[in-house]
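If you scroll down you'll find the structure; I have some questions about it.
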There are 2 protein chains.
Amino acid sequence: MPQGTPHSVPTSADVARLAGVSRATVSYVLNNTSAVRISEPTRRRVHAAAKELGYVPHAAARSLRAGHSRMVLMPTPQIAVGPLFSAFFNELQWALSRFDYTVVQYGSLGLTGEEAARAWAELRPVAVLAPDATALGARGVAVLKRSGAKAVFTLGPQRAEGAHALLMDQRLVGRAAAEHLLARGRRRIGVVVPEEPGLEVFSRPRLDGVRAAVRGVAAGEVTELPLAYTEDSAAHLTDRWSALGLDAVFAYNDDYAMLLTRALQDRGVAVPEDTAVVGADDLMLARLLRPRLSSVRIELPSGRGLAELVDRVVREPGGRPEVHDVLGASVVHRESS
Amino acid sequence: MPQGTPHSVPTSADVARLAGVSRATVSYVLNNTSAVRISEPTRRRVHAAAKELGYVPHAAARSLRAGHSRMVLMPTPQIAVGPLFSAFFNELQWALSRFDYTVVQYGSLGLTGEEAARAWAELRPVAVLAPDATALGARGVAVLKRSGAKAVFTLGPQRAEGAHALLMDQRLVGRAAAEHLLARGRRRIGVVVPEEPGLEVFSRPRLDGVRAAVRGVAAGEVTELPLAYTEDSAAHLTDRWSALGLDAVFAYNDDYAMLLTRALQDRGVAVPEDTAVVGADDLMLARLLRPRLSSVRIELPSGRGLAELVDRVVREPGGRPEVHDVLGASVVHRESS
DNA sequence: TTGAAAGCGCTACCAG
DNA sequence: CTGGTAGCGCTTTCAA
């Protein structure tokens, strides 16, 4: 560090001084401003100076001046999220970065809808993609829009008033499972409902989807099966299994399906002969279990397409909130059903 | 929206105007500045005006003025990360927010060390916690420090020159597994090395740990077993299993252990009689497999403690880089070994 | 082709 | 107790 005060962060003024030009010129050069032509020697001097100082532009100052940022804020979901959604998340993030957005995940831990929205709004993101509509609400959406957010999306099982929605209707998952089981002659269907808090937004609609599919089917019956993700809970649930009189179970997802299947087998209940089991997410897990686990494959949309959608809304804001149904569900039939 | 231009974001000046006070007063009131006493009626007017306008302060402007932010930047790891590390991550994030830091995850997709560091540095975080030292390097650390970051930590299996390190020495995992197997009389130990890119930073040191533990043991031998996370790959690996002459396998983690165990069982290889298997991470999965899977339980430090550490370094920067060894590994013995 | 200067929203001095 | 105002780092007219 040959120059200047040792422990201060270099600014564009420092670069200008070192290169012997004005701050304006530095800005032109470093941003490749096409409206203005800078001589090659000057460019080189500026670049050299910037490199020597280790100059990094100050994003806050830049977006303050510009009046807008290209930050897309994705609040991290409160609940632990599986590999499926993680992969989707990553793909979306990558796709958005292709559109030159800066994607930032922000954990708003334990803040209620409007408070959380205010915290996010302080960053003045150009778009917000909230995985949990409940942690937002109409009020939250309003706060974000007032703070200049051009696009507010919810992506998940619920929507929020005023926001665009990438709706992942979990009822379809339950329906697919139920229709599969019904088609295979099963009638008395148990539905695992995880007791872990925060999962209701997924488990409730999945249960509802099963109910809807079974409704009207002769002798069809749906039984809710609360289950915590522990061996004890599974043991307890299966203690008096035959008394429940179920011939099939939709187990919420593959992990719970494994837990339940194991407990059933330990009790001598034959899968699928006595009780069919269907999971969801179609993880590798499902293929490795014995019997191989039938599972609802969930199809999420391509990150690329969603990034385009977000970009479009950012460029042309003000349209009415759009609701896109973006969940596909189909059963992969294996041995457990 | 009764006032002003309809579609512009309210600023503190707008609040001041509406409340009939100066911008300074607004700032004092909203920040509860203790050095200055504002009359109660004025406070109320300001708060009312802020609420009516839906005013949200502009974080960029604030930190520009203040000359520093309280943003802790955590680049998201390139590779998919298991539930164990995710939980640790969340806890750390929560603990940092208790210290009034704003934690932000930033996905720097496909950028090399120094480029990534520059992208992060643009946000002028007060601290950076990088889960992947390789995606940083000494140069990256330097860039961040020059941009004003008070604390740069790596947290993971590697460290970077100039940065503090929360070192998670994966060799301990391999060593724990190997010592367990050796103690149970196994000598010819296979070690699964995932073929998925990006996992080398974990799998290599785990393998090294096994090698180190076996070194010097009579008749001890270590065989590297490349394995992709597919059934095909597992089938291929186990095709001529007996020819490998292994009496034990450390399977990298529980997921790979399940994959391998299944393939072995399908081949008629008895676990643990013919071949013992040990996983890692001690997931619920391990307890549900049959035979129940022995697994290396990995202990990560408390988020609380780490948050304190980060906070200390932020407040007193300039100290020599500290290296904290923060990984505990111990085998949970079950039936597979 | 380059420079001077205004101003983005905010906070912290210093006057009144 | 409150207001005026400078200035954080940057971009972008407008002049030279």
Side-chain angles (χ1 to χ4, degrees), chain A residues 4-5 8-46 49-50 53-71 121-124 126 146-148, chain B residues 4-5 8-46 49-50 53-71 121-124 126 146-148:
Chain A
T5 39
S8 72
V9 181
T11 72
S12 78
D14 296 322
V15 177
R17 200 155 25 240
L18 182 59
V21 300
S22 75
R23 294 189 347 265
T25 305
V26 171
S27 176
Y28 292 144
V29 171
L30 295 184
N31 294 309
N32 270 319
T33 308
S34 52
V36 115
R37 307 211 65 74
I38 304 284
S39 68
E40 201 46 49
T42 305
R43 305 182 81 86
R44 258 198 295 276
R45 284 218 312 286
V46 169
L53 294 178
Y55 170 72
V56 175
H58 193 308
R62 174 179 299 182
S63 66
L64 181 59
R65 166 67 224 225
H68 61 262
S69 75
R70 288 196 62 81
M71 179 193 296
E122 291 194 3
L123 300 179
R124 295 292 191 274
V126 69
R146 287 246 256 214
S147 81
Chain B
T5 40
S8 72
V9 181
T11 72
S12 76
D14 296 322
V15 176
R17 202 156 23 240
L18 182 58
V21 299
S22 75
R23 289 183 355 260
T25 305
V26 171
S27 175
Y28 292 144
V29 170
L30 296 184
N31 294 309
N32 270 319
T33 309
S34 52
V36 121
R37 307 210 63 75
I38 304 284
S39 70
E40 201 47 49
T42 305
R43 305 182 80 86
R44 259 196 294 277
R45 284 218 313 286
V46 169
L53 293 178
Y55 169 72
V56 176
H58 194 307
R62 174 179 298 183
S63 67
L64 181 58
R65 167 67 223 225
H68 58 87
S69 75
R70 290 196 59 84
M71 180 193 296
E122 290 194 2
L123 300 180
R124 296 290 192 272
V126 69
R146 287 244 257 214
S147 81

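The chains referred to below are lettered A, B, ... by the order of the sequence lines, with proteins before strands, and numbering in each begins at 1.
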Worksheet item: Between Ser22(A) and dT2(C), is there a side-chain N or O to OP1/OP2 distance below 4.0 Å?
Response: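 Ser22(A) to dT2(C) OP1/OP2: no side-chain N or O under 4.0 Å.
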
Worksheet item: Taking atom P of dG9(C) as reference, at what distance in whole Å does atom NE2 of His58(A) sit?
Response: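 Rounded to the whole Å, the gap is 16 Å.
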
Worksheet item: Quick one: Arg17(A) CZ to dA4(C) P, roughly how many Å, whole number?
Response: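 Taking CZ of Arg17(A) and P of dA4(C), I get 13 Å after rounding.
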
Practice prompt. Find which nucleotide of DNA chain C each of Ala13(B) and Gly20(A) is nearest to by heavy atoms, and output the residue with the more 5' nucleotide.
Written response: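 The residue whose closest nucleotide sits nearer the 5' end is Gly20(A).
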
Discussion item. For residues 56-68 of chain B, which residue pairs pass the side-chain hydrogen bond (donor to acceptor under 3.5 Å, both in side chains) check, not counting sequence neighbours?
Written reply: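 Pairs touching residues 56-68 of chain B that pass the test: none.
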
Worksheet item: Less than 4.5 Å apart, any side-chain heavy atom of Val9(B) and any of Arg124(A)?
Response: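 Result yes, sub-4.5 Å side-chain heavy-atom pair found.
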
Worksheet item: Val46(B) versus Tyr28(B): any side-chain heavy-atom pair under 4.5 Å?
Response: no

Practice prompt. Give the first and the last nucleotide of DNA chain D, reading 5' to 3', that has any atom under 4.0 Å from a heavy atom of chain B.
Written response: dC1(D) to dG9(D)

Distances for protein N/O vs nucleotides 5-8 of chain C N/O pairs under 3.5 angstrom?
unit_1: dG7(C); atom_1: N2; unit_2: Arg65(A); atom_2: NH1; d: 3.2
unit_1: dC8(C); atom_1: O2; unit_2: Arg65(A); atom_2: N; d: 3.3

Worksheet item: Is the base of dC13(C) touched by the side chain of Tyr28(B) through a donor-acceptor pair closer than 3.5 angstrom?
Response: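 Result: at least one qualifying N/O pair found.
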
Discussion item. Please determine whether side-chain contact (heavy atoms from CB on, under 4.5 Å) holds for the pair Leu123(B) and Met71(B), giving the CA-CA distance in whole Å, both sets of side-chain angles, and the decisive distance to 0.1 Å.
Written reply: CA-CA 8 Å; Leu123(B) 300 180; Met71(B) 180 193 296; 4.1 Å; yes

Fill in: Nearest atoms (heavy-atom pairs only) where Thr11(A) meets Tyr55(A)
C-CE1, 3.5 Å

Worksheet, complete the sentence: With sequence neighbours left out, the residues meeting side-chain hydrogen bond (donor to acceptor under 3.5 Å, both in side chains) with Thr25(A) are Ser22(A)

Practice prompt. Examine distances only and state if a side-chain atom of Thr33(B) and a backbone atom of Ala35(B) form a donor-acceptor pair shorter than 3.5 Å.
Written response: no

Item to complete: Enter the distance from Leu18(A):CG to Arg45(A):CZ here, rounded to the nearest 0.5 Å.
Response: 10.0 Å

Practice prompt. Describe, as an angle rounded to 10 degrees, how the axis at the first end of the helix from dT1(C)-dA16(D) to dG16(C)-dC1(D) is tilted relative to the axis at the last end, five pairs per end.
Written response: 50°

Discussion item. Can you list, in residue-number order, the parts of residues 36-45 of chain B that come under 4.0 Å of DNA chain C, counting heavy atoms only?
Written reply: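 None - not one residue of the stretch has a heavy atom sitting under 4.0 Å from the strand.
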
Discussion item. Ignoring hydrogens, what is the shortest heavy-atom contact between Asp14(B) and Pro10(B)? Give both atom names and the distance.
Written reply: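 Residues Asp14(B) and Pro10(B), closest heavy atoms: OD2-CA, 3.2 Å.
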
Fill in: Non-hydrogen side-chain atoms of Val21(A) and Arg43(A) separated by less than 4.5 Å
no

Practice prompt. Determine the contact category for Ser27(A): base if any of its heavy atoms lies under 4.0 Å from a base atom, sugar-phosphate if only primed atoms, P, OP1 or OP2 are that close, otherwise nothing.
Written response: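 The residue Ser27(A) makes base contact.
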
